[in-house]
Q: 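Questions regarding the structure given below will be posed in turn.
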Amino acid sequence: MNEVGPPRPDEPADRHHGRRWVILAVIAIAQLMVVLDATIVNIALPSAQADLGFSNDNRQWVVTAYSLAFGSLLLIGGRIADLIGRKTTLIIGLVGFAIASALAGAAADFEVLVAGRALQGVFGALLAPTALALLTTTFTDAKERAAAFGIFGAVAGAGGGIGLLLGGVLTEHLDWRWCLYVNLIFAAIALVGALVLLPRHRREKSVKIDLPGTVTVTAGLFALVYGFANAEHDGWSSVGTWGFLAAGVVLIAVFAWLQTRVAHPLLLLRILLDRNRGAASIGMFISAAGMFGINLFLTYYLQQSLHYSPVETGLAFLPMVGAVMVTSTLATNLLTPRFGPKPIVPLGMAFAAAGMFWLTGLDASSTYAAHVLPPLVVFGLGLGLVMAPSMSAATYGIDPADAGVGSASVNTMQQVGGSIGTALLSSLAAGAATYFLAGKDPTPDLVAQSALESYSTAFGWSAAFFAAGMVVCGLLFRRGAPVHDPDAAPTVHM
């Protein structure tokens, strides 16, 4: 969710007022491209792995490279938009995202694929905050802004489900590379609309880029993710694992210290020090780690153990997406306004933990209807109860002047949670498979069973994360429903 303040009076949007709903379509296409790309590649990943021949140890980097680059640069993306102008930033983001997608789609080896995915994340970090800022300044009437943000939020919320289904269709009927090439179509449509429709926005001359903060937080996040990923093939006792993890912790601590000293910090620490916002950030971090994990490992289970086609795999995830939408809507419109996040988020964590633990029982003889669908729906119901109230609490009560960095902060926690969660769960899953095969003749049946052990381990640890989140969020969230502010800015779920 993002929360934004009213447009500044110096924004020259009036002469474009008549085109505002067409401009909304352009902005929504750009946002859909960014959100969709976080899931569309998951369905294509088994086919890409078979085509390029990379190992199970490395496959998680195809997912992690995108989310890590996106999450670590999201805070600075909005600053750059203010510095060089929003129309210019959107155009650069669209062109760059298209080029990165073409590079990844044409990859002849694993290294180029990962580099392209990382570049997608870099330009996605420009697109996401810029699209939201343009939406804010395009709609000045309160009622129209609420409607526009509702449409924008629906597009953002549906993007994940669209990505899963579209990824299956493109992989099965064309090629896995089209899961990346399709972005060129979206980018071209949005680029034409941006060039023709968007006004030029005056750049904010007072904006300064916090270079030390950018360098330390980016390097720190990379070190953490790389340390967890390195454990997959070098083990937890190697210097390459704990050395990077230690370096990551130190760099993140240095970043936090710098944010209290610089005049234009990337992250206002006072935003996260509030109990509700801190708990909400933890909720987003854990839910993203669990969601990215289930997308990756359940995709491999469905395609390699149950021999589902890519389209069938995409369809298999849709009940979870539907469950998320049902409980997200229920939590946003009924439960949170009445009870506040304290009872809702821990309940959602409990549902998600139960769903993940249920999935640990999957084996080669399991069926979708009896053994996959029920825990998948339970997990989706819980995820909706976690994400919607957490998104709301993460920016509730923030001063309008801090709303941009506040919404970027929660999105950063979501993306970083997905990166670290994917790397950590992949390492734990690989370790379980290696341990299972130790001292045994790796026959095809044993290799298949080792894969099941790895999936079960990932689901079990994910369940433990959600259980821990249930306790932490239950302790941190304050009691009571939020007090409604009639002058509060509209919000949008990301």
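Computed from heavy atoms alone, side chains included, the values below leave out hydrogens, waters and symmetry copies. Along the sequence shown, residues carry numbers from 1.
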Q: Is the shortest heavy-atom distance from the side chain of L45 to the side chain of Q303 under 4.5 Å?
A: no
Q: Taking atom types as modelled, is there a side-chain donor on S454 or T457 under 3.5 Å from an acceptor on the other?
A: no
Q: How long is the gap from CG on L73 to OG1 on T214, to the nearest 0.5 Å?
A: 8.0 Å
Q: Is Y66 close to V41 at the side-chain level, that is, under 4.5 Å between some pair of heavy atoms?
A: no
Q: Is there a side-chain contact between V311 and T171, using heavy atoms and a 4.5 Å cut-off?
A: no
Q: Pair L258, F255 - check side chain to side chain contact (heavy atoms under 4.5 Å, CB included), show working.
A: CA-CA 5 Å; L258 286 173; F255 167 74; 5.5 Å; no
Q: Begin with the C-alpha distance, continue with both residues' side-chain angles, and end with the deciding distance and a verdict on side chain to side chain contact (heavy atoms under 4.5 Å, CB included) for F97 and L126.
A: CA-CA 10 Å; F97 202 95; L126 284 180; over 6 Å; no
Q: Got a list of side-chain donor-acceptor pairs under 3.5 Å for residues 318-325, not counting sequence neighbours?
A:
none

Q: Indicate the atoms forming the closest heavy-atom contact of L127 with L94, along with that distance.
A: CD2-N, 3.6 Å
Q: Short question: side chain of R117, backbone of A65 - any donor-acceptor pair under 3.5 Å?
A: no
Q: Is the distance from the ring center of F244 to that of F222 below 6.0 Å?
A: no
Q: Is there a side chain to side chain contact (heavy atoms under 4.5 Å, CB included) between V345 and L385? Walk through the geometry before answering.
A: CA-CA 6 Å; V345 175; L385 292 176; over 6 Å; no
Q: Rounded at 0.5 Å granularity, tell me how far CD1 in I92 sits from NZ in K87.
A: 12.5 Å
Q: Shortest non-hydrogen contact from V386 to S287?
A: CG1-CB, 3.9 Å
Q: I'd like to know if the side chain of Q49 reaches the main chain of F54, judged simply by a donor and an acceptor atom lying under 3.5 Å from each other, with no hydrogens or angles considered.
A: yes
Q: How far apart are the closest heavy atoms of A190 and A30, and which atoms are they?
A: CB-N, 4.5 Å
Q: Is a side-chain N or O of T218 found less than 3.5 angstrom from the main chain of V215, in a donor-acceptor match?
A: no
Q: Test of understanding: with side chain to side chain donor-acceptor pair (under 3.5 Å), list the residues that count as partners of T327, not counting sequence neighbours.
A: none
Q: Scan residues 41-51 for pairs that pass salt bridge (charged side-chain N to carboxylate O under 4.0 Å, His left out), counting only residues two or more places apart or in two chains.
A: D51-R177
Q: Can you classify the ring geometry of W178 versus Y181 as parallel (below 30°), tilted (30 to 60°) or perpendicular (above 60°)?
A: perpendicular
Q: Can you check whether A458's main-chain N or O pairs, donor with acceptor, with S462's side chain at less than 3.5 Å?
A: no
Q: For a quick test of reading the model, state the closest non-hydrogen atom pair linking Y455 to S305 and the distance between them.
A: CE1-OG, 3.9 Å
Q: Does any non-hydrogen side-chain atom of F123 lie less than 4.5 Å from one of V34?
A: no
Q: Identify the heavy atoms of E172 and S309 that sit nearest to each other, and give their distance.
A: OE1-OG, 3.0 Å
Q: Is there a side-chain contact between P46 and T299, using heavy atoms and a 4.5 Å cut-off?
A: yes
Q: Is there a side-chain contact between I40 and L180 in this structure, where contact means two heavy atoms from C-beta onward sitting under 4.5 Å apart?
A: no
Q: Is there a side chain to side chain contact (heavy atoms under 4.5 Å, CB included) between L103 and I99 once you walk through the steps?
A: CA-CA 6 Å; L103 174 67; I99 292 173; 5.5 Å; no
Q: Could you check if a side-chain atom of T313 sits within less than 4.5 angstrom of a side-chain atom of P310, using non-hydrogen atoms only?
A: no
Q: Hey, what do you get for CG (L184) to CD1 (I189), rounding to the nearest 0.5 Å?
A: 11.0 Å
Q: Which value, rounded to the nearest 0.5 Å, describes the distance between E312 atom CD and L302 atom CG?
A: 9.5 Å
Q: To the closest 0.5 Å, what do you measure between CG (L90) and CG (L191)?
A: 8.5 Å
Q: Examine distances only and state if a side-chain atom of Y368 and a backbone atom of A316 form a donor-acceptor pair shorter than 3.5 Å.
A: yes
Q: Closest heavy-atom contact between F110 and V62?
A: CE1-CG2, 4.0 Å
Q: For residues S101 and Q120, determine if any side-chain heavy atom of one lies less than 4.5 Å from a side-chain heavy atom of the other.
A: yes
Q: From W461 CH2 over to L428 CG, what is the distance, rounded to the nearest 0.5 angstrom?
A: 6.0 Å
